[in-house]
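Here is the structure we will look at.
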Amino acid sequence: MKTQQQAITARGLVKSFGAVKAVAGVDLDLAEGEAVGLLGPNGAGKSTALSMLMGLRKPDAGSVSIFGHAAGSRAARRVTGVTPQAAGFPVQLTPREVLAYAAAHHANPRQSRDLAEAFGVGALMDRRMVGFSGGEVRRVALALAFVGAPKLVFLDEPTTGLDTAAQEGFCSVARAFVQQGGALVLTSHHWDEIEAICDRITMIDKGERVLDGSLDEIRARTRVNRLSFALPDGVMPPDWLGATHSLEGWHVETRDSDGVLRRMVAEGVPFAALSIQPLALKDVIARIRMEATQ
Ligand SMILES: Nc1ncnc2c1ncn2[C@@H]1O[C@H](COP(=O)(O)OP(=O)(O)O)[C@@H](O)[C@H]1O
Ligand SMILES: [Mg+2]
């Protein structure tokens, strides 16, 4: 088997805009065949961090190496695919023309035909882009990231404004890309997308890395189930359950769902429509961060 090369080595990245420290010392490592999800609230510094990795902005401090080359160098750009967060296209051109233009910059570009199909642009290939809807433009922008058969792809909130079919198309292209040895950096607010594509996550908040690890490890750190159930009107759950209420009903988070359920039955708690599910990834992460700050 081909040994995996290091795609990204970033150390101590710092970037300020005036008084705002957008990125305050972020490290990132990524190998071929790996996908990392960059998470964090709006304004956390994700796009700024990406722009330094892509070589679009020069860090105030720190270093980035892309397959051993300086970020933004010709050698780095030749192996890198990008979808900008806001894409502007020459509207008099067709997707076929735009894709061919981008492909011409790469050594072994992919066929734009199969990419167009994967992103649902097939029927639009020869229409001028003037009048394209936001979602249609977005799909072309995504195809653009992959057209050069890159070794590394950066995607900043790629599915914002896409319909479900296009989102699913994107997930399958991204997964196939990583399985075939591509390296991927993705920012997204869609947890299902992160779970479907990424092996690792790096969470940043106020420019600092607050959590980093493989998704499997993160899940293993809190083996917690959530019990959800309804109670008849006017009936309150017993105090020992520590249940919380939401629009969907009552919830209990526990490491011992069997024990809790047995006791509920033994005490005759009149629950209905009970479900037991592992905590969603976003809940696990919220829990880890809460435990860390306690
Ligand atoms: N060009 C800029 N000029 C001034 N402030 C900026 C600029 N770009 C980003 N910022 C600020 O830096 C912080 C991080 O922004 P950004 O990296 O875009 O966050 P994210 O992508 O996580 O939402 C925010 O406070 C944002 O307002
Ligand atoms: Mg952003």
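These numbers were taken from a predicted model, which means no experiment stands behind them. As the structure lists them, so they are numbered: ligands from 1, and atoms in each ligand from 1.
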For this session: Check whether any side-chain heavy atom of Met264 sits under 4.5 Å from a side-chain heavy atom of Trp240, and report yes or no.
Result: yes
For this session: Please tell me if the side chains of Trp250 and Val269 come closer than 4.5 Å, counting only heavy atoms from C-beta onward.
Result: no
Show which atoms of ligand 1 fall inside a sub-4.0 Å distance from at least one heavy-atom site of [X].
| X | result |
| --- | --- |
| Ser47 | 17 (O), 18 (O), 20 (P), 21 (O) |
| Asn42 | 23 (O) |
| Val20 | 12 (O), 25 (O) |

Problem set entry | Ser228 versus Glu248, side-chain donor and acceptor atoms under 3.5 Å | no
Exercise. For Ala44 and ligand 1, does the shortest N/O to N/O distance drop below 3.5 Å?
Worked result: yes
Problem set entry | Pair Arg11 + Asp29: basic N to acidic O under 4.0 Å | yes
Problem set entry | Heavy-atom gap Gly45 to ligand 1 smaller than 4.0 Å | yes
Exercise. Non-hydrogen atoms of Pro41 versus ligand 1: any pair closer than 4.0 Å?
Worked result: yes
Problem set entry | Remaining members of hydrophobic cluster (4.5 Å side-chain criterion), Val91 | Val130
Exercise. Counting backbone and side chain alike, does Ser47 bring an N/O/S atom below 2.8 Å of the Mg ion (ligand 2)?
Worked result: yes
Seminar exercise, completed: Residues Ile204 and Ala44: closest non-hydrogen pair is O-CB, 3.3 Å
For this session: Measure from atom 15 (O) of ligand 1 to every heavy atom in Val23, Leu39, Thr48 and give the option owning the shortest one.
Result: Thr48
Exercise. With respect to atom 24 (C) of ligand 1, which of Ser51, Gly43, Ala19 exhibits the smallest heavy-atom separation?
Worked result: Gly43
Problem set entry | Polar side-chain atom of Lys151 near backbone of Ala183 as donor-acceptor pair, under 3.5 Å | no
Exercise. Which part of Arg57 is near ligand 1, with near meaning a heavy atom under 4.0 Å away: side chain, backbone, both or neither?
Worked result: side chain
